[in-house]
Amino acid sequence: MTDDPYRSPGLDRLGDVVRTFAVPRRPRYLGAGGGPRGGYLGLSAMNLPRAGASSLSWLRAPRSEAVEVCERGLRVRGKTGVLELPYDQLAAWDAVTVDGAVVAIELRGAHGEALRLGGVLRGLDELYALVAARRPPLP
């Protein structure tokens with residue numbers, strides 16, 4: 001790691017990603033021509049697809065909302081941007097529990113950042129335990 005304020009392509013201040021916790025994607029409706037048709041298979045099923053079917057995009061966009069636990073910090077990717085916090089800048093990492101299950105995590109950074117992770121994010125209990133084990137003890 002250098003003191004250069006600009007990022008170098010090969011360097012990452014948080015290190016390698018240990019685990020990614022992502023918001024599941026919603027199923028997309030591809031239209032009536034994009035899915036399988038019911039009924040029996042006849043000779044018409046052996047024809048080439050219509051010209052309109054080739055215009056469907058089968059490429060998937062990268063996940064837009066995810067929490068990445070890295071070697072030296074935490075990266076939160078949202079639709080509006082990316083927040084990177086080293087573990088020593090996590091001022092608070094608190095779990096909100098209901099009946100013993102973690103339903104949300106409240107994160108506060110040293111510079112005033114405040115996030116509440118929850119909702120449809122999967123594996124909140126694993127995320128809380130993993131970051132709590134990697135954080136340095138507070139004085």
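We're numbering straight along the sequence, starting at 1. In what follows, every heavy atom counts, from backbone to side chain, and hydrogens, waters and symmetry copies are set aside.
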Engineer: Write down the atom of Y87, the atom of E71, and the distance for their closest heavy-atom approach.
Structural biologist: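 So the minimum-distance heavy-atom pair works out to CE1-O, 3.5 Å.
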Engineer: Heavy atoms only: give me the nearest P86-R13 pair and the separation to one decimal.
Structural biologist: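 Heavy atoms only, the tightest pair is CG-NH1, 3.9 Å.
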Engineer: For R77 and E68, which heavy atoms make the closest approach, and how far apart are they?
Structural biologist: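 R77 and E68 have their closest heavy atoms at NE-OE2, 2.9 Å.
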Engineer: Hey, are the side chains of T20 and V69 touching, using non-hydrogen atoms and a 4.5 Å cut-off?
Structural biologist: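 No, too far: nothing below the 4.5 Å cut-off.
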Engineer: Distance-only criterion, 3.5 Å: show the donor-acceptor pairs between side-chain atoms of residues 110-134 and protein atoms not counting sequence neighbours.
Structural biologist:
residue: E113; atom: OE1; partner: H111; partner atom: N; Å: 3.2
residue: R116; atom: NH1; partner: E106; partner atom: OE2; Å: 2.6
residue: E126; atom: OE1; partner: R19; partner atom: NH1; Å: 2.7
residue: E126; atom: OE1; partner: R19; partner atom: NH2; Å: 3.2

Engineer: Under a single-linkage rule joining Ile, Leu, Val, Met, Phe, Trp and Tyr whose side-chain heavy atoms are separated by less than 4.5 Å, which residues share a cluster with V103?
Structural biologist: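 Members alongside V103: V96, V98.
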Engineer: Taking the side chain as C-beta and beyond, is there a heavy-atom pair between V82 and V76 under 4.5 Å?
Structural biologist: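 No, too far: nothing below the 4.5 Å cut-off.
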Engineer: Starting from the C-alpha separation in whole Å, work towards a yes-or-no answer on side chain to side chain contact (heavy atoms under 4.5 Å, CB included) for R75 and L14.
Structural biologist: CA-CA 8 Å; R75 182 180 296 122; L14 297 181; 3.9 Å; yes
Engineer: For residues V17 and C70, report the shortest heavy-atom separation together with the two atoms involved.
Structural biologist: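 V17 and C70 have their closest heavy atoms at CG2-SG, 4.0 Å.
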Engineer: Tell me the salt bridge (charged side-chain N to carboxylate O under 4.0 Å, His left out) pairs involving residues 86-100, sequence neighbours left out?
Structural biologist: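 Only D94-R108 qualify under salt bridge (charged side-chain N to carboxylate O under 4.0 Å, His left out).
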Engineer: What's the spacing between L85 CG and R72 CZ if we round to 0.5 Å?
Structural biologist: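 Rounded to the nearest 0.5 Å, the CG-CZ separation comes to 14.5 Å.
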